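Since the model is a prediction, treat every value here as computed from it, not as a measurement. Counting starts at 1 for both ligands and their atoms, following the listed order.
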Amino acid sequence: MKREGKSNHAGPRDSSDGAPLPRPLPSRKPKSQFIKPRLTLFTSTLWEYPSQHYGDTIQGDKNYIGATPSWVIWQCLTRYTKQNDLVIDPMCGSGTTLDVCKDLKRRALGFDLASHTRRPDIRRADARNLPVENSKADFVFVDPPYSTHVRYSDDPNCIGRLDALDPGHENNYYQAMRRVISEIHRILKPGANMALYVSDSHRKDEGFAPIGFNLFSIMRERLRPVDIVAVVRHNAKLDKGNYRKAADEGNFMMRGFNYLFIMQRP
Ligand SMILES: C[S@@+](CC[C@H](N)C(=O)[O-])C[C@H]1O[C@@H](n2cnc3c(N)ncnc32)[C@H](O)[C@@H]1O
């Protein structure tokens with residue numbers, strides 16, 4: 001009589017009958033292949049996606065330091081605009097916003113001080129003085145310099161040259177951004193929305209600049225808050241030993257999220 005659970009075929013079971021156990025086959029690890037999840041509209045105010053870009057193509061330029069994750073722009077445009085709406089990015093860098101607009105069939109205008117040499121569809125302009133008529137835009141997306149973290153260009157008008165942590169001169173950054181925000185307000189249609197994507201700044205031994213809250217209060221002078229989203233940063237620096245060590249020794253924290261402030265022109 002067969003005992004419960006004991007089978008007749010050779011397999012990895014006890015060898016109570018004295019037969020040697022068969023050797024296990026060498027394990028073949030399946031090659032790990034990263035598959036991006038399909039991007040769908042997020043429903044909470046905490047946004048995270050495991051890649052800089054959505055889909056099979058690249059939006060913007062993956063080698064552009066300081067490029068915006070394209071899926072953040074995709075979320076904004078999908079939620080707050082419709083086909084053929086005019087979207088304007090006054091600091092458009094490598095043109096990520098323009099590419100997302102193409103994907104979503106929105107009309108787009110992109111400006112930057114420096115990047116016009118990279119692509120002909122980005123026009124050279126200072127974001128404080130845009131060549132756009134009043135009340136034209138259905139949506140504005142902007143990812144400005146967060147103080148001096150990245151050197152975007154040698155243009156003396158680059159706002160990325162103004163240090164929000166420089167004692168006595170920190171207001172230069174906020175004054176410049178106040179003019180950018182005033183220009184965004186001017187070009188937005190009444191009732192239209194804008195999104196500003198930004199991070200605070202912390203420099204070892206120099207301290208902390210709450211850039212997000214400061215820009216939010218400047219925006220509130222003219223614009224109505226619609227929502228505030230925290231966007232998880234997948235920054236390779238966060239995992240690097242020397243950065244972690246500096247943060248541990250200096251008892252400060254690295255930036256783990258960006259703000260996405262969504263505002264409306266009343
Ligand atoms: C964070 S990057 C924008 C990244 C862009 N969204 C992308 O995905 O590539 C900030 C940009 O602001 C631009 N910039 C700085 N000062 C400016 C100004 N006064 N007017 C227009 N653009 C400016 C820089 O040249 C830089 O390209």
Side-chain angles (χ1 to χ4, degrees), residues 47 49 51-55 57-77 87-104 106 108-132 137 139-164 172-187 194-201 209 211-212 215 218 231 233-235 237 255 257-262:
W47 290 6
Y49 186 73
S51 172
Q52 174 84 357
H53 308 274
Y54 60 83
T57 53
I58 301 285
Q59 301 83 28
D61 179 348
K62 68 178 163 55
N63 297 316
Y64 188 81
I65 297 169
T68 314
S70 62
W71 58 268
V72 171
I73 303 172
W74 187 97
Q75 291 289 330
C76 293
L77 300 192
V87 176
I88 298 182
D89 187 334
M91 296 176 139
C92 135
S94 66
T96 312
T97 303
L98 302 183
D99 293 340
V100 179
C101 282
K102 213 173 284 165
D103 283 351
L104 294 175
R106 274 58 167 164
L109 284 177
F111 301 96
D112 201 286
L113 269 184
S115 310
H116 63 292
T117 46
R118 293 166 182 263
R119 348 184 343 170
D121 53 350
I122 300 177
R123 291 164 63 187
R124 187 177 191 286
D126 191 315
R128 291 164 285 191
N129 186 19
L130 295 169
V132 176
F139 191 84
V140 171
F141 182 88
V142 66
D143 177 2
Y146 323 149
S147 186
T148 50
H149 283 243
V150 176
R151 192 178 181 101
Y152 293 105
S153 72
D154 291 330
D155 193 307
N157 294 317
C158 179
I159 291 174
R161 296 168 69 109
L162 303 175
D163 191 347
N172 294 345
Y173 173 78
Y174 294 113
Q175 268 162 18
M177 284 306 299
R178 178 176 268 108
R179 288 177 57 197
V180 173
I181 289 162
S182 149
E183 201 53 354
I184 291 173
H185 172 268
R186 180 184 71 75
I187 64 171
M194 56 98 49
L196 183 139
Y197 182 69
V198 78
S199 164
D200 295 323
S201 175
I211 294 179
L215 293 187
I218 293 173
V231 179
R233 284 166 71 121
H234 284 281
N235 189 336
K237 277 184 189 171
R255 305 298 95 207
F257 72 93
N258 271 31
Y259 299 96
L260 183 77
F261 295 115
I262 300 158

- What's the verdict on side-chain hydrogen bond (donor to acceptor under 3.5 Å, both in side chains) for D103 and Y54, showing C-alpha distance, side-chain angles and the deciding distance? CA-CA 11 Å; D103 283 351; Y54 60 83; 2.5 Å; yes
- Message: Can you confirm, on distance only, whether ligand 1 has an N/O atom lying under 3.5 Å from any N/O atom belonging to A127?
- Response: yes
- Item | Test item, S70 contacting ligand 1 (heavy atom, 4.0 angstrom) | no
- The one among R128, M91, R151 that brings a heavy atom closest to atom 12 (O) of ligand 1: M91
- Note on the structure: From the list Y197, W71, F141, side-chain contact (heavy atoms from CB on, under 4.5 Å) partner of C76 resolves to F141
- Does any N or O in the side chain of R119 come within less than 3.5 Å of the main-chain N or O of S94, such that one atom is a donor and the other an acceptor? yes
- Note on the structure: Of all heavy-atom pairs linking G93 and I122, the shortest is O-CD1, 3.3 Å
- Taking only heavy atoms of A67, which atoms of ligand 1 are found under 4.0 Å from at least one of them? 7 (C), 8 (O), 9 (O)
- Would you call C158 a ligand 1 contact, heavy-atom distance under 4.0 Å? yes
- Message: Any side-chain to backbone donor/acceptor pair from R106 onto V100? Under 3.5 Å, distance only.
- Response: no
- Distance, nearest 0.5 Å, that separates CE of M91 from OG1 of T97: 12.5 Å
- Of the backbone atoms (N, CA, C, O) and the side-chain heavy atoms from C-beta on, which set of N157 has a member under 4.0 Å from an atom of ligand 1: side chain, backbone, both, or neither? backbone
- Which atoms of ligand 1 sit under 4.0 Å from any heavy atom of T96? 7 (C), 8 (O), 9 (O)
- Query: In terms of atom number and element, which parts of ligand 1 are under 4.0 angstrom from non-hydrogen atoms of T68?
  - Reply: 4 (C), 5 (C), 6 (N), 7 (C), 8 (O)
- Identify the two heavy atoms, one from S147 and one from Y173, that lie closest to each other, and give their separation to 0.1 Å. N-CE1, 3.5 Å
- Query: Has A176 got any heavy atom lying under 4.0 angstrom from an atom of ligand 1?
  - Reply: no
- Query: Going by the atom numbers of ligand 1, which of them fall below 4.0 Å from some non-hydrogen atom of A125?
  - Reply: 20 (N), 21 (C)
- Task: Please report the shortest heavy-atom distance between N157 and R128, naming the atom on each side.
- Result: O-NH2, 2.8 Å
- Under 4.0 Å from one or more heavy atoms of Y64, ligand 1 contributes atoms 9 (O), 26 (C), 27 (O)
- Message: Distance under 4.0 Å to a non-hydrogen atom of C92: what atoms of ligand 1 satisfy this?
- Response: 5 (C), 7 (C), 9 (O)
- Task: Could you tell me if any non-hydrogen atom of P145 lies under 4.0 Å from any atom of ligand 1?
- Result: yes
- Per-atom contacts, ligand 1 versus S94 - under 4.0 Å to a heavy atom: 7 (C), 8 (O), 9 (O)
- Item | Proximal ligand 1 atoms for D126, defined as those under 4.0 Å from one of its heavy atoms | 18 (C), 19 (N), 20 (N)
- Looking at OH of Y146 and OG of S201, how far apart are the two atoms once the value is rounded to the nearest 0.5 Å? 11.0 Å
- Query: Looking at T148, D155, V150, D154, which hits side-chain contact (heavy atoms from CB on, under 4.5 Å) with Y152?
  - Reply: V150
